[in-house]
Amino acid sequence: MLPAYAVGRGVRWPGGRGRLVALAAPILAQRLSGPTRVPVLGSALAGACLTTAADALARVAAPVELPVGVVTSVLGGPFLLWVLFHPDRNTGKV
């Protein structure tokens with residue numbers, strides 16, 4: 001139970017826009033690099049790309065500029081469901 005609490009606190013800390021990035025960047029980097037590598041640099045680059053894409057989408061998606069946290073929250077739910085229900089191709093694990 002303690003690891004789940006620690007992860008929850010760590011993901012909660014960055015704030016609204018950081019939640020999707022903190023969860024999605026390492027998962028995307030790991031799935032792109034394969035199971036034999038530790039994707040530290042890839043996670044940083046994926047996080048930067050996700051934040052930039054969310055900011056660009058927030059600026060053009062509506063007639064008024066949306067906060068980046070709204071865009072990342074809307075994208076974060078479907079991404080989390082995708083991660084939960086699609087196994088990793090390399091390892092076969094969910």
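- Between Arg31 and His86, the closest heavy-atom pair is NH2-O, 3.4 Å.
- Across all non-hydrogen atoms, the minimal contact from Pro39 to Ser33 is CB-OG, 3.9 Å.
- A distance of 12.5 Å separates CG in Leu75 from CG in Leu80, rounded to the nearest 0.5 Å.
- The shortest distance between side-chain heavy atoms of Asp55 and Val71 does not fall below 4.5 Å.
- By the 4.5 Å heavy-atom criterion applied to side chains, Leu28 and Phe79 are counted as neighbours.
- The backbone N or O of Ala48 sits nowhere less than 3.5 Å from a side-chain atom of Thr51 that would complete a donor-acceptor pair.
- Hydrophobic clustering, with ILVMFWY side chains joined whenever heavy atoms are under 4.5 angstrom apart, groups Leu57 together with Trp82.
- Hydrophobic clustering (ILVMFWY, side-chain heavy atoms < 4.5 Å, transitive): Leu50 and Val74 are in distinct clusters.
- Among all heavy-atom pairs drawn from Ala29 and Gly42, the shortest one is CB-C, 3.5 Å.
- Rounded to the nearest 0.5 angstrom, Ser43 OG and Leu32 CG are separated by 10.0 Å.
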